[in-house]
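Comments concern the structure below.
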Amino acid sequence: MDNKVICFGEMLWDIFPKESIAGGAPMNVALHLVHLGMDVKMISSVGEDKLGKKLLAFVKKYGLPDELIQINEEFPTGTVKVDDGDKENIKYEIVKPAAWDHIKWSEDMDKSVRNADAFIFGTLAARNEVSKATLEKLLEIPVLKIFDINLRPPFYSADLLDNLLRRADILKINEEELTLLADFYDLPSKMEAALEKLSELFEFDLICITLGSKGAAIYQEGEIINHPGYPVAVKDTVGAGDAFLAGFVSKYLSKESPEKILDFACALGALVATFSGGTPQYNEEDILRIKNL
């Protein structure tokens with residue numbers, strides 16, 4: 001594929017009691033896009049420390065270029081402390097400060113975004129004014145902007161959401177996030193009506209909503225297209241939504257129909273849920289196997 005995609009935001013380590021796992025939604029999406037044969041670059045920052053070196057080695061192993069990943073001498077590589085003692089109520093602490101809070105604008109990243117077919121961003125990387133200022137500058141560039149809203153309390157506000165929603169062409173959201181936006185924007189209680197009003201408010205080209213075990217849907221030009229998803233034996237759901245988004249982006253940029261986009265994205269998300277960790281190795285045959293279960 002010739003499509004060029006830029007992912008912006010956090011790359012970090014999820015620190016569990018017994019192990020550390022590389023993560024961060026934008027990084028996971030970038031790695032899945034690489035897996036799908038896309039031309040991808042990641043804009044982020046790591047510390048000049050052991051965790052930063054390990055993270056750079058990790059993404060290089062996947063074939064993700066690191067030329068737009070900055071090395072920060074002042075702030076450490078991002079971490080999330082995970083308390084999974086209660087499996088029904090896992091607690092996360094997104095540690096700050098972190099290097100990815102301090103992504104500084106550069107001419108190289110500006111040029112890369114200008115040459116891209118899509119720019120993917122979320123809310124978390126805007127929790128600090130340095131990365132937020134860089135993101136806002138890049139959002140001025142005329143490129144397809146895909147907003148993976150990915151809300152992480154308390155790191156968002158009504159004003160921030162309003163600002164970022166107005167910049168996006170495509171919104172990717174889940175049910176819980178739609179409920180939150182419904183409170184902010186007084187949306188109707190029924191999903192289709194809520195998506196319709198949201199689309200009118202912000203003039204999105206398209207909204208994609210993931211529905212957990214119930215699959216996903218696309219709202220576009222007054223029409224909603226549903227997919228029931230693929231039932232699988234779940235190992236863990238870490239990264240499944242990121243894989244879904246990568247599948248969505250790859251097929252959207254290939255100008256596939258909404259039905260085919262959803263089918264592929266749902267299959268890829270389901271496949272990743274059958275593995276442990278958010279960025280497993282897989283191939284096209286594995287995705288086809290999910291469809292044929």
Side-chain angles (χ1 to χ4, degrees), residues 1-13 22-48 51-72 75 77-78 98-126 128 130-148 150 164 167-170 172 239 241-254 268 278-279 281:
M1 295 183 187
D2 295 323
N3 292 316
K4 294 181 171 66
V5 181
I6 308 291
C7 295
F8 179 96
E10 65 274 12
M11 55 189 298
L12 48 82
W13 289 98
M27 188 192 79
N28 287 344
V29 173
L31 294 177
H32 285 294
L33 286 168
V34 168
H35 228 51
L36 295 173
M38 310 285 279
D39 183 348
V40 190
K41 289 180 182 174
M42 177 83 200
I43 296 176
S44 190
S45 181
V46 298
E48 193 178 36
L51 288 180
K53 289 172 184 168
K54 278 180 66 179
L55 206 44
L56 289 176
F58 178 82
V59 299
K60 281 182 188 174
K61 184 181 75 176
Y62 275 79
L64 179 66
D66 65 353
E67 65 211 63
L68 298 179
I69 300 172
Q70 298 170 358
I71 297 174
N72 193 301
F75 296 100
T77 299
W100 56 263
D101 283 319
H102 297 268
I103 303 168
K104 295 175 181 174
W105 180 89
S106 72
E107 289 187 2
D108 284 345
M109 70 172 66
D110 192 284
K111 184 178 178 182
S112 292
V113 175
R114 288 183 189 280
N115 289 331
D117 297 292
F119 178 72
I120 302 173
F121 65 102
T123 53
L124 186 55
N128 178 281
V130 177
S131 291
K132 181 184 173 188
T134 300
L135 174 59
E136 288 183 334
K137 199 163 183 178
L138 295 175
L139 287 172
E140 294 171 6
I141 296 170
V143 63
L144 178 71
K145 301 173 186 74
I146 301 171
F147 185 19
D148 179 16
N150 209 18
L164 296 181
R167 306 291 194 99
D169 301 303
I170 291 175
K172 187 258 187 181
D242 303 326
F244 174 95
L245 179 58
F248 170 92
V249 170
S250 70
K251 293 302 179 184
Y252 182 85
L253 293 178
S254 298
L268 184 53
T279 50
Q281 298 285 346

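Basis for what follows: all heavy atoms, side chains included, without hydrogens, waters or symmetry-related copies.
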Verify side chain to side chain contact (heavy atoms under 4.5 Å, CB included) between Val5 and Leu253, making sure each step is shown before the conclusion.
CA-CA 10 Å; Val5 181; Leu253 293 178; 3.7 Å; yes
Exercise answer: donor-acceptor pairs, residues 59-67 side-chain atoms, under 3.5 Å, sequence neighbours excluded:
| residue | atom | partner | partner atom | Å |
| --- | --- | --- | --- | --- |
| Lys60 | NZ | Asp66 | OD2 | 3.4 |
| Tyr62 | OH | Thr279 | O | 2.3 |
| Tyr62 | OH | Thr279 | OG1 | 3.4 |
| Glu67 | OE2 | Lys41 | NZ | 3.0 |

Please name all residues satisfying side-chain contact (heavy atoms from CB on, under 4.5 Å) with Lys104, sequence neighbours left out, ordered by chain then number.
Gln70, Val130
All side-chain contact (heavy atoms from CB on, under 4.5 Å) counterparts of Glu140, not counting sequence neighbours
Arg167
So, using side chain to side chain donor-acceptor pair (under 3.5 Å) as the criterion, who are the partners of Asp101 when residues are at least two apart?
Arg127
Minimum heavy-atom separation for [X] to [Y], with atom names?
| X | Y | value |
| --- | --- | --- |
| Ala125 | Ser131 | O-CB, 3.1 Å |
| Leu12 | Leu55 | N-CD2, 3.6 Å |
| Ala118 | Ile146 | CB-CD1, 4.0 Å |
| Leu56 | Ile69 | CD2-CG2, 3.7 Å |
| Arg114 | Pro142 | NH1-CD, 4.2 Å |
| Gly122 | Leu135 | O-CD2, 4.1 Å |

Residue pair Ile6, Val143: steps toward the side chain to side chain contact (heavy atoms under 4.5 Å, CB included) verdict
CA-CA 10 Å; Ile6 308 291; Val143 63; over 6 Å; no
Considering only heavy atoms from C-beta outward, does the side chain of Leu268 approach that of Phe248 to under 4.5 Å?
no
Can you give each donor-acceptor pair under 3.5 Å made by side-chain atoms of residues 26-38, sequence neighbours left out, with the distance rounded to 0.1 Å?
| residue | atom | partner | partner atom | Å |
| --- | --- | --- | --- | --- |
| Asn28 | ND2 | Asp242 | OD2 | 3.0 |
| His32 | ND1 | Tyr282 | OH | 2.8 |
| His32 | NE2 | Gly278 | O | 2.8 |
| His35 | NE2 | Tyr282 | N | 3.0 |
| His35 | NE2 | Tyr282 | O | 3.1 |

Assess whether side chain to side chain contact (heavy atoms under 4.5 Å, CB included) is satisfied between Trp100 and Met11, documenting all intermediate values.
CA-CA 7 Å; Trp100 56 263; Met11 55 189 298; 5.5 Å; no
My understanding is that only residues two or more places apart in sequence, or in another chain, count here; which of them pass ring pair (Phe, Tyr, Trp, His ring centres under 6.0 Å) with Phe8?
none
Which distance, rounded to the nearest 0.5 Å, do you find between the [atom1] of [X] and the [atom2] of [Y]?
| X | Y | atom1 | atom2 | value |
| --- | --- | --- | --- | --- |
| Leu144 | Asp169 | CG | CG | 5.0 Å |
| Lys132 | Leu164 | NZ | CG | 8.0 Å |
| Thr77 | Ile71 | OG1 | CD1 | 9.0 Å |
| Leu138 | Trp105 | CG | CH2 | 8.5 Å |
| Ile170 | Lys145 | CD1 | NZ | 11.5 Å |
| Leu124 | Asn150 | CG | CG | 7.5 Å |

